[in-house]
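Numbering of ligands and ligand atoms starts at 1, following listing order.
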Amino acid sequence: MTRFVGHGRAEVTPEAELTSVDDHLAGIRALLPPPDPIELRLADALGLVLAEDIVSEVEVPSFANSAMDGYAVVAADVVEATVEEPVTLTVVGEVMAGASQPPKVTSGRCVSIMTGAPIPPGADAVVPVETTSGGGDHVSVHRAVAPGTHVRAPGEDLAPGQPLVAAGRRLGPADVGLLAVAGVTRVTCITTPRVVIISTGDELVPAGDRPGPGQIRDANGPMLGAMVRAAGALPFSAGIVRDERRALLYAFDTNLGHADLFVCTGGASAGARDLIPDVIDALGEVTTAKVAMKPGMPQIRGRVADTPVIGLPGNPVSAFVSFEVFVRPAIRHLQGRRDVQRPTVLARAAEPLTAPPAKRGYVRVQLSHDDDGWLAEPTGHQGSHVISSIARADGLAVVPEDRTELGVGEQVQVQLLAD
Ligand code: AMP
Ligand code: MG
């Protein structure tokens with residue numbers, strides 16, 4: 001295991017000591033166990049990720065039915081119908097949605113029909129009630145219809161063999177509707193990952209307490225819990241733990257049982273009280289990395305008894321950005337999602353966007369739209385302790401490692417903070 005120690009040199013961190021964002025992410029990915037699918041009722045699957053491709057076994061609609069309330073006719077009977085010279089037909093019956101044996105239609109006759117009702121044998125079109133007059137025993141049709149008009153054809157929505165929902169997709173309400181229509185009542189999904197969160201630091205007090213001298217409120221616990229929930233996973237907040245080796249060992253040990261992923265913040269850097277790497281090392285395996293990013297350089301990954309552990313820096317902005325860059329993709333992998341990254345947009349920089357040499361900069365930006373596309377404007381002070389800079393952000397503008405500044409008007413990729 002490596003520790004962050006000083007070397008009495010001019011440069012804080014030489015480039016050679018940096019780990020790339022992608023390498024740290026790949027290291028985290030390698031710690032994650034394969035997903036464990038379970039079969040459950042469709043009604044319980046909303047928000048879970050499908051573990052299998054689902055293909056339709058049925059045809060929908062399964063029978064020709066009416067798209068309008070009106071009259072089922074033989075289209076050829078009404079080709080000449082106009083408002084001035086309507087065609088009058090004899091009404092020989094009525095067919096409601098759900099009817100199993102609709103009356104037959106022959107030339108010169110029609111059947112009153114409701115939306116969703118089966119098209120009677122012999123009929124090939126539906127005249128909407130609005131373009132007729134009369135009713136009862138006879139009806140006058142004022143407008144011609146072509147064969148097939150207002151008829152929902154069998155299989156027009158779904159055909160057997162048609163893909164419905166692909167593995168890796170998080171089921172939304174529309175997917176539930178689609179699967180229900182196709183008669184799929186049980187699905188194989190990946191269970192919601194449970195993510196344990198602890199905040200470490202002697203200076204921290206719960207947000208509901210008044211901080212004493214030198215103390216601050218725990219921002220990361222509530223924020224990361226909310227981020228886990230927003231990512232569709234189950235947060236389990238294990239509270240604040242002091243910078244004491246025994247307290248940390250106890251907190252890890254007692255909470256690992258609840259966790260598919262363990263996330264801690266603070267104690268990751270070069271301070272005398274930064275004990276997290278030692279603690280993880282004592283219980284399992286750990287890698288510390290100076291990741292080539294700003295904010296968020298000191299990062300930890302490890303594993304304790306098969307549970308992956310991600311250690312984030314304590315500064316709230318660093319914790320927030322690190323969550324977006326490392327924890328959210330890890331959660332999405334555990335959820336079985338194929339789309340592990342959030343969407344990005346290409347924007348123009350409204351102000352210069354800066355990053356240190358050889359590091360990837362994540363600048364909190366607000367997005368607006370004009371005739372030339374998206375415009376990205378930094379949300380004020382970008383210090384990694386300035387939590388107000390994230391609360392106002394729509395996205396993280398990415399300044400690549402080989403650039404220290406993107407000028408006004410230059411194109412920049414912005415990782416959105418919403419899906
Ligand atoms: P550390 O990573 O422990 O060196 O902490 C870096 C900075 O983040 C220090 O200013 C801490 O006081 C602050 N910090 C650490 N944890 C939290 C937290 N949970 N909420 C708010 N600030 C924190
Ligand atoms: Mg600390």
Side-chain angles (χ1 to χ4, degrees), residues 1-6 12-13 18-19 24 195-230 235-252 255 261-281 286-302 309-327 356 359 362 364 381-393:
M1 187 192 65
T2 56
R3 289 282 288 140
F4 301 117
V5 289
V12 177
T13 310
L18 295 175
T19 302
H24 187 61
V195 183
V196 166
I197 299 151
I198 62 171
S199 302
T200 74
D202 283 338
E203 72 278 34
L204 302 177
V205 297
D209 290 3
R210 184 181 293 279
Q215 295 184 322
I216 59 168
R217 292 193 172 95
D218 172 22
N220 295 344
M223 178 179 71
L224 297 178
M227 293 178 92
V228 166
R229 196 179 293 280
F236 182 90
S237 180
I240 297 166
V241 184
R242 302 276 148 240
D243 290 318
E244 284 162 21
R245 193 179 152 81
R246 285 184 52 153
L248 287 165
L249 284 168
Y250 182 79
F252 270 78
N255 286 299
L261 175 64
F262 197 102
V263 176
C264 57
T265 70
S269 43
R273 289 261 162 178
D274 292 337
L275 303 167
I276 298 288
D278 284 340
V279 165
I280 301 172
D281 192 44
V286 72
T287 303
T288 58
K290 294 176 180 179
V291 179
M293 64 192 282
K294 188 185 167 81
M297 182 179 74
Q299 299 284 340
I300 299 172
R301 61 179 192 263
V309 179
I310 302 179
L312 308 177
N315 269 312
V317 175
S318 310
F320 179 90
V321 170
S322 312
F323 185 100
E324 281 301 312
V325 176
F326 301 118
V327 183
K359 287 187 181 173
Y362 291 96
R364 279 75 71 203
H381 193 313
Q382 295 285 312
S384 55
H385 57 291
V386 183
I387 196 160
S388 55
S389 74
I390 46 179
R392 274 179 284 124

Please write down residue, atom name and distance for the protein heavy atom closest to [atom].
atom: atom 20 (N) of ligand 1; value: A219 N, 3.0 Å
atom: atom 10 (O) of ligand 1; value: N315 OD1, 4.1 Å
atom: atom 4 (O) of ligand 1; value: S269 OG, 3.4 Å

Any donor and acceptor pair, going by atom type alone, linking the side chain of [X] with main-chain N or O of [Y] inside 3.5 Å?
X: R364; Y: Y362; value: yes
X: R242; Y: G201; value: yes
X: N220; Y: T265; value: no
X: R217; Y: D209; value: yes

Go through ligand 1 atom by atom and flag the ones less than 4.0 Å from a non-hydrogen atom of [X].
X: N220; result: 16 (N), 17 (C), 18 (C), 19 (N), 20 (N)
X: D218; result: 18 (C), 19 (N), 20 (N)
X: I216; result: 12 (O), 21 (C), 22 (N), 23 (C)
X: P316; result: 21 (C), 22 (N)
X: S199; result: 19 (N)
X: G267; result: 1 (P), 2 (O), 3 (O)

Part of R217 with heavy atoms under 4.0 Å of ligand 1, whether side chain, backbone, both or neither: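 Under 4.0 Å from ligand 1, R217 contributes backbone atoms alone.
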Greater than 12 external heavy atoms within 6.0 Å of R392's CZ: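 More than 12 heavy atoms, drawn from other residues, nucleotides or ligands, come within 6.0 Å of this atom.
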Worked verdict on S199 versus D218 for side-chain hydrogen bond (donor to acceptor under 3.5 Å, both in side chains): CA-CA 7 Å; S199 302; D218 172 22; 3.0 Å; yes
Steps toward side chain to side chain contact (heavy atoms under 4.5 Å, CB included) verdict (I240, T200): CA-CA 6 Å; I240 297 166; T200 74; over 6 Å; no
Any G201 heavy atom less than 4.0 Å to ligand 1: no
Check: G314 N/O within less than 3.5 Å of ligand 1 N/O: yes
Contact check: L204 vs ligand 1, nitrogen or oxygen atoms, below 3.5 angstrom: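 No - when backbone and side-chain N and O of L204 are compared with those of ligand 1, no distance drops under 3.5 Å.
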Parallel, tilted or perpendicular: rings of H24 and F326 (30°, 60°):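 Aromatic pair F326/H24 classed perpendicular.
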Given N315, V386, V321, the one that forms side chain to side chain contact (heavy atoms under 4.5 Å, CB included) with P295: V321
